[in-house]
Amino acid sequence: ITPMISITRYLLAHNWSGDIYFIHSNKNKENAAYTEELVALTKRHPNLHLIYTFTRSADNIDGIECHYGRVTKDIFKNLTSKTIMNACII
């Protein structure tokens, strides 16, 4: 996760003009590192979209897209069904 956080910080600090989709998978929200920082960043940067998948609990985080289970092709299908131009998927 640490390199992905660094990439996200860099893109936001350098005013990346496209959308950033950060997909993070973990057992549950208690084990998900950097959640507070990522949620705060989504509030300050409308082009940052945070998507969580939790493999062992059906946790939710207010205002954040959350799924139960592993990262699947359906998550990516949902992203690609949108018009994505100049986007970074992390």
Side-chain angles (χ1 to χ4, degrees):
I1 180 108
T2 306
M4 301 308 119
I5 292 293
S6 295
I7 291 168
T8 302
R9 288 176 184 153
Y10 177 87
L11 291 170
L12 295 173
H14 289 84
N15 299 313
W16 176 263
S17 62
D19 287 312
I20 303 166
Y21 292 90
F22 194 109
I23 302 169
H24 184 106
S25 183
N26 215 301
K27 291 188 275 189
N28 54 44
K29 70 179 179 182
E30 288 78 25
N31 288 321
Y34 298 99
T35 299
E36 287 181 23
E37 178 182 355
L38 287 167
V39 170
L41 287 171
T42 62
K43 291 178 181 177
R44 290 197 316 262
H45 301 277
N47 63 323
L48 176 60
H49 310 279
L50 184 56
I51 302 167
Y52 273 98
T53 65
F54 298 115
T55 59
R56 297 198 183 152
S57 70
D59 291 338
N60 286 305
I61 300 170
D62 288 339
I64 303 298
E65 182 178 343
C66 296
H67 301 269
Y68 175 68
R70 302 206 179 273
V71 175
T72 65
K73 64 183 176 184
D74 293 331
I75 291 171
F76 291 98
K77 280 183 183 178
N78 184 38
L79 289 180
T80 58
S81 68
K82 301 173 185 176
T83 303
I84 298 179
M85 307 260 318
N86 197 26
C88 180
I89 300 174
I90 300 173

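Not measured: the values here are computed from a predicted model.
- Listed for the D19 side chain is no donor-acceptor partner under 3.5 Å among the backbone atoms of H49.
- Separating the CD1 atom in I23 from the CD1 atom in I51 is a distance of 4.5 Å, to the nearest 0.5 Å.
- The distance from the OG1 atom of T72 to the NE2 atom of H67 is 8.0 Å, given to the nearest 0.5 Å.
- Counting heavy atoms from C-beta outward, N60 and F54 have side chains that stay 4.5 Å or more apart.
- Nearest heavy atom pair, residue T55 against residue G69, reads CG2-O, 3.7 Å.
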For the pair Y52 and T35, evaluate side chain to side chain contact (heavy atoms under 4.5 Å, CB included) and give the outcome as yes or no after the intermediate values. CA-CA 10 Å; Y52 273 98; T35 299; 2.9 Å; yes

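- Under a 3.5 Å cut-off, the side chain of N31 and the backbone N or O of N26 do not form any donor-acceptor pair.
- Between A33 and H24, the shortest heavy-atom contact is O-CE1, 4.0 Å.
- Summarising the local packing, CZ of R56 is surrounded by 12 or fewer heavy atoms from other residues, nucleotides or ligands at distances under 6.0 Å.
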Item checked: Derivation and outcome, side chain to side chain contact (heavy atoms under 4.5 Å, CB included), residues E65 and I75 -> CA-CA 11 Å; E65 182 178 343; I75 291 171; 5.5 Å; no

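- Nearest heavy atom pair, residue K29 against residue I61, reads CD-CG1, 4.2 Å.
- Counting heavy-atom neighbours within 6.0 Å of E36 CD, excluding the residue itself, gives a total of 12 or less.
- Of the possible donor and acceptor atoms, one in the side chain of N47 sits under 3.5 Å from a partner among the backbone N and O of G18.
- Linking Ile, Leu, Val, Met, Phe, Trp and Tyr whenever their side-chain heavy atoms come within less than 4.5 Å puts M4 and L11 in one cluster.
- Going from atom CG of L38 over to atom CG of L50 covers 5.5 Å, rounded to the nearest 0.5 Å.
- Distance check, rounded to the nearest 0.5 Å: CG of L12 to CG of L41 gives 6.0 Å.
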Applying side chain to side chain contact (heavy atoms under 4.5 Å, CB included) to T8 and W16, what does each step give before you reach the verdict?
CA-CA 10 Å; T8 302; W16 176 263; over 6 Å; no

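- Between the side chain of H14 and the backbone N or O of Y10 there is at least one donor-acceptor pair closer than 3.5 Å.
- Hydrophobic clustering (ILVMFWY, side-chain heavy atoms < 4.5 Å, transitive): I1 and V39 are in one cluster.
- N28 places no side-chain N or O within donor-acceptor distance of the main-chain N or O of S57, the cut-off being under 3.5 Å.
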